[in-house]
Amino acid sequence: MRVPRKLLAAAAAALLCAAGFTAAGPTKPAAAAVPATVPLTFTNNSGRSEPIYLYNIGTELSSGRQGWADAAGTFHPWPAGGNPPTPAPDASIPGPANGRSVTLQVPKFSGRIYFSYGQKLVFKLTTGGLVQPAVQNPSDPNRAIVFNWSEYTLNDAGIWLNSTQVDMFSAPYAVGVKAADGTVRNTGRLKPGGYRGFLNALRGQPGGWAKLIQTRSDGTVLRALAPGHGIAAGALPAGVMDDYINRVWSKYATSTLTVTPFADRPGTKYYGRVSGGVMNFTDTSGAVVTSFQKPDADSIFGCYKKLDAPNDQVRGPISRTLCAGFNRSTLLTNPNQPDTGSTGFYRDAVTNHYARKIHAQMADGKAYAFAFDDVGAHESLVHDGNPQRAYITLDPFD
């Protein structure tokens with residue numbers, strides 16, 4: 001899928017987790033054969049009267065082609081696009097009215113299930129592929145539409161389905177999966193009052209965080225942008241994390257940051273020290289394995305640029321750990337990373353307040369509020385190797 005650069009960084013990270021890949025490699029396939037399609041029940045408990053439109057957009061895993069799937073799970077590749085972009089075929093699926101459900105068949109696919117309220121989303125095609133909504137752009141045609149999406153991968157090893165706030169906080173929903181023994185696991189649900197609770201908490205946070213909230217001309221709240229997009233849109237100061245970044249760089253100029261990126265490989269450790277403004281990481285032999293320039297807030301919030309995380313065995317795992325530590329502000333309080341216990345998260349006055357406030361409003365405390373929120377298993381993800389059914393449930397806007 002062709003998406004804007006910053007959205008691509010976040011989506012790629014989230015889909016990597018959804019696909020069951022970590023820095024240690026792909027998840028082993030389940031013993032049971034996963035069927036070609038799995039039913040996904042989409043329930044509308046939003047309490048709203050607008051029509052709902054659904055879209056299943058992504059990459060067909062068997063061929064690598066990009067396109068969309070219809071309600072029966074049939075894959076349709078995108079036609080060629082143009083320059084300027086041309087309208088994409090209408091991939092919408094009628095969603096359920098309030099209080100009702102529809103069941104889709106989802107194929108072996110890696111992508112997103114979008115849902116919009118009241119209006120269909122606008123998708124266009126360029127010569128490079130699909131242009132997805134990017135509402136941090138004031139001219140995006142979807143900016144005034146209430147919408148959201150879930151990310152999933154279904155492959156021979158099972159299903160990974162998550163809720164996400166990596167790019168924005170918007171229409172509330174939860175995800176679930178039913179296992180072969182009938183057990184249903186759910187995540188992504190806000191606490192009662194959590195939708196308004198988050199927005200009110202963001203409005204009360206000094207330093208420009210309230211400007212992340214976007215509203216329609218009629219006063220309807222549309223979403224809150226993730227802070228990286230807020231910086232790009234001029235809503236949040238570019239230097240919002242500078243004080244914390246400078247303190248981290250100062251601390252590790254005279255002490256060592258130890259990163260143990262793999263929970264199942266405790267003997268694999270890397271040691272970070274700042275020298276000449278650069279944090280160099282060495283392995284147990286003392287050899288430098290990777291180095292990081294001092295990041296800026298955008299790199300931290302997006303987990304990219306100066307904190308780029310390739311899917312390798314060294315830099316990527318270290319970068320994921322640094323990204324989580326910066327967003328959660330644990331790098332000064334714990335020189336042994338990752339810090340996986342949430343009691344110490346977001347305690348510094350300079351932190352990712354967007355992520356902090358989202359996690360505080362989640363019923364189970366789990367969310368994908370930044371790209372590597374899965375470090376320490378704090379992400380809102382369900383997985384099963386032999387899924388019988390998946391679920392997406394639209395929840396009330398309080």
Side-chain angles (χ1 to χ4, degrees), residues 3-4 6-11 14 44 46-48 50 52-55 57 95 112-123 131-151 162-175 188-191 193-205 208-236 301-302 352-362 367-371 373 380 392-398:
V3 292
K6 289 186 68 178
L7 191 60
L8 178 63
N44 183 358
S46 68
R48 297 172 69 118
E50 305 106 308
I52 300 293
Y53 301 98
L54 311 178
Y55 303 81
I57 290 171
R112 294 176 169 181
I113 297 177
Y114 282 91
F115 53 91
S116 62
Y117 287 80
Q119 294 177 252
K120 292 183 178 182
L121 292 172
V122 177
F123 293 97
V131 179
Q132 298 193 59
V135 291
Q136 66 273 20
N137 180 352
S139 63
D140 189 280
N142 301 289
R143 188 179 174 93
I145 301 174
V146 176
F147 73 95
N148 213 333
W149 68 85
S150 175
E151 294 168 335
N162 66 268
S163 66
T164 177
Q165 300 85 26
V166 166
D167 291 291
M168 66 181 190
F169 173 94
S170 189
Y173 69 100
V175 297
R189 178 153 287 122
L190 290 162
K191 297 175 181 177
Y195 177 78
R196 292 184 190 274
F198 168 76
L199 295 172
N200 289 336
L202 204 60
R203 291 186 182 105
Q205 181 63 45
W209 293 84
K211 294 180 181 179
L212 296 176
I213 299 172
Q214 294 182 336
T215 58
R216 201 158 54 199
S217 58
D218 62 3
T220 299
V221 173
L222 296 165
R223 64 193 62 88
L225 291 178
H229 293 323
I231 289 173
L236 198 64
F301 294 142
N352 184 339
H353 291 291
Y354 169 90
R356 176 173 72 88
K357 294 175 186 299
I358 286 175
H359 278 277
Q361 296 297 336
M362 302 307 294
Y368 254 124
F370 60 91
D373 222 348
S380 49
I392 295 177
T393 302
L394 303 187
D395 285 337
F397 292 63
D398 301 334

*Would you check if the side chain of N148 reaches a backbone N or O of A171 as a donor-acceptor pair within less than 3.5 Å?*
yes

_Minimum side-chain heavy-atom gap Y55-S116 below 4.5 Å_ = yes

*Any donor-acceptor pair under 3.5 Å linking the side chain of D140 with the backbone of P133?*
no

*asked:* When you measure from the side chain of D398 to the backbone of Y195, do you find a donor-acceptor pair of N or O atoms at a distance under 3.5 Å?
replied: yes

*Nearest heavy-atom pair of R189 and D395: which atoms, and what distance?*
NE-OD2, 3.0 Å

*asked:* Which heavy atom of A144 sits nearest to which heavy atom of L222, and what is that distance?
replied: O-CD2, 3.6 Å

*Could you tell me which residues satisfy salt bridge (Lys or Arg N to Asp or Glu O under 4.0 Å) with K120, sequence neighbours excluded, listed by chain and number?*
D90

*List the steps and the verdict of side chain to side chain contact (heavy atoms under 4.5 Å, CB included) for R143 and Q214.*
CA-CA 9 Å; R143 188 179 174 93; Q214 294 182 336; 3.2 Å; yes

*Are any of the side-chain heavy atoms of L190 and F169 separated by less than 4.5 Å?*
yes

*Is there a donor in the side chain of Y114 and an acceptor in the side chain of Q132, or the other way round, less than 3.5 Å apart?*
yes

*asked:* Among W149, F147, Y173, exactly one meets side chain to side chain contact (heavy atoms under 4.5 Å, CB included) together with F115. Which residue is that?
replied: Y173

*Please step through side chain to side chain contact (heavy atoms under 4.5 Å, CB included) for the pair D373 and H359, ending with a clear verdict.*
CA-CA 10 Å; D373 222 348; H359 278 277; 2.7 Å; yes

*Identify the two heavy atoms, one from P227 and one from N352, that lie closest to each other, and give their separation to 0.1 Å.*
CG-OD1, 3.7 Å

*Which heavy atom in S380 sits nearest to a heavy atom in S163, and how many Å separate them?*
OG-OG, 2.8 Å

*asked:* What's the separation between atom CD in Q119 and atom CG in N142, rounded to the nearest 0.5 Å?
replied: 9.0 Å

*Cut-off 3.5 Å, side chains only: do N162 and T164 have a donor facing an acceptor?*
no

*Rounded to the nearest 0.5 Å, what's the gap from CZ on F301 to CG on L225? Could you check?*
13.0 Å

*Could you check if a side-chain atom of Q136 sits within less than 4.5 angstrom of a side-chain atom of D167, using non-hydrogen atoms only?*
no

*Atom CG of L202 and atom CD1 of I213: how far apart are they, to the nearest 0.5 Å?*
4.5 Å

_Please give me the minimum heavy-atom distance between V135 and R223, naming the atom from each residue._
CG2-CD, 3.3 Å

*Distance (rounded to the nearest 0.5 Å) between L121 CG and I145 CD1*: 5.0 Å

*Heavy-atom pair with the smallest gap, counting every atom of F397 and R196*: O-NE, 3.8 Å

*Give the C-alpha distance, both sets of side-chain angles, the deciding distance and a yes or no for side chain to side chain contact (heavy atoms under 4.5 Å, CB included) between L236 and Y354.*
CA-CA 11 Å; L236 198 64; Y354 169 90; over 6 Å; no

*Hey, mind stepping through Q205 and R356 against side chain to side chain contact (heavy atoms under 4.5 Å, CB included) and telling me if it holds?*
CA-CA 11 Å; Q205 181 63 45; R356 176 173 72 88; 3.0 Å; yes

*Check: L394 main-chain N/O paired with S46 side-chain donor or acceptor under 3.5 Å*: no

*Measure from the side-chain N and O atoms of K191 to the backbone N and O of A360, and report whether any donor-acceptor pair falls under 3.5 Å.*
yes

_Please report the interatomic distance CH2(W209) to NE2(H353), rounded to the nearest 0.5 Å._
6.0 Å

